[in-house]
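Notes to accompany the following structure.
Proteins get letters first, then strands, A, B, ... in listed order; numbering begins at 1 in each.
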Number of protein chains: 2
Amino acid sequence: MKDDKTEDQILDAAEKIFQRKGMDGARMQEIANEAGINKAMLHYYYRTKRFLFEAVFSKAFSLIAPEINRVVNDDTELFEKIRKFTHSYIDFIQKHPYLPNFIIQELNRDSDFIKILQEKKGFPDFRNFRAQVEKEVRDGNIRPIKAEQLFIHLLSLNIFPFLAAPLFKGFLKLDDKTYKAMMEERKEEISDLLIKYLKNE
Amino acid sequence: MKDDKTEDQILDAAEKIFQRKGMDGARMQEIANEAGINKAMLHYYYRTKRFLFEAVFSKAFSLIAPEINRVVNDDTELFEKIRKFTHSYIDFIQKHPYLPNFIIQELNRDSDFIKILQEKKGFPDFRNFRAQVEKEVRDGNIRPIKAEQLFIHLLSLNIFPFLAAPLFKGFLKLDDKTYKAMMEERKEEISDLLIKYLKNE
DNA sequence: GTCTATAGAAGGATAGAC
DNA sequence: GTCTATCCTTCTATAGAC
């Protein structure tokens, strides 16, 4: 079982609170309440707030990393890859709506976090994707483009609409339901945009 | 002069601190130090931390709003508009690097903020842009696309790379200088992507 | 391992002199 | 308007009983 042990109950509770409120906004007491456990236990298992936070952050990142690796470390054909990533990422994020904001926010808050993550195994390695894009360009299958720019396009188009959901809902005057439906539509929209552009079609 | 009055000195200092650390991470003492002034003055002029924060947030939003209005409330021809927005937004953000993260973060933290902003004059009105895109589609000048999706594409491609700069620098193993150069390149990359797609060219 | 109680520090806010 | 001093609450963290 996942929640057998107090340590895991704490981590689950901390996840909820930290992802909603961030490192600075979260309170140890709140996490303890959420875990249905005493505040002293948090320190017993994780020593400090910072260590607990880092455990949560690492776990969050290890959820995202495989998604990224589907792009950079996978030998699917390029268009298929774009299509699959876009579809699966948007499904993934519907399940973890707080994740992108949490990651982005804390990386901007503490610039050392990314260095810690880079050391870990499973950290996405971009080289395969670069090679793949360069080959497609060389073979004349796609319009000339830098792999980095395509990668940034792909992630921006997929991630930002969730990060900026309150903003877009405000601008476009959409309710939650309509906005969610629009995110579903984007699976096709994004694939279509990138693939037709690359194919020069 | 801008900094004649204490009230403005405080607002400037608060801007710096809040934009770097957010509402929860910022300390009144830190803002006072930054302003070279006493902590009691902050309360004298702005009563509470929250009011001071709201003043900063409103000002930040009033800096971004005109940028958005260049897209939604301006009768420039569509392709020209995409090109101009992309170029000017990327310049704008190099001058205010903390702004997008600040806005997004606080809108996610407090979902009521957007409602307050919607009331204010100058809040972007999407209707003109929708009409413009619909007309271009009807006239057969561009590929069929919903105005909302195009709007989200445009903002995502422009804003996210700054928001996620630490992440992309980590993934792509780029230093600040190289990344900045890449953001310059994106002015053309983004325009090219959207316009060629729309023109079906 | 788990709890209660509390230390110790920090932060927002105010009183009151000038 | 501006400052110093201080109140009071909140928060992280630990001590110590069971």
### Parallel, tilted or perpendicular, as decided by the 30° and 60° cut-offs, for the rings of A:Phe162 and A:Tyr89
perpendicular

#### Entry: A:Phe102 vs A:Phe53, ring pair (Phe, Tyr, Trp, His ring centres under 6.0 Å): CA-CA, chis, key distance, verdict
CA-CA 11 Å; A:Phe102 177 64; A:Phe53 179 80; 5.7 Å; yes

#### Entry: d(CD1, B:Ile17; C1', C:dG12) in whole Å
16 Å

### Query
Atom CD of B:Gln9 to atom C1' of D:dG1: distance rounded to whole Å?
13 Å

### Message
Using 30° and 60° as the class boundaries, would you call the ring planes of B:Phe168 and B:Phe171 parallel, tilted or perpendicular?
### Response
perpendicular

### Query
Where the side chain of A:Lys169 meets the backbone of A:Leu174, is there a donor-acceptor pair that is under 3.5 Å apart?
no

### Query
Going 5' to 3' along nucleotides 2-18 of chain D, which nucleotides have protein heavy atoms under 4.0 Å from the base (write B), which only from the sugar-phosphate (write S), and which from neither (write -)?
BBB------SBBB----

### Task
Decide whether B:Tyr197 and A:Asp192 meet the rule of one side-chain donor and one side-chain acceptor closer than 3.5 Å.
yes

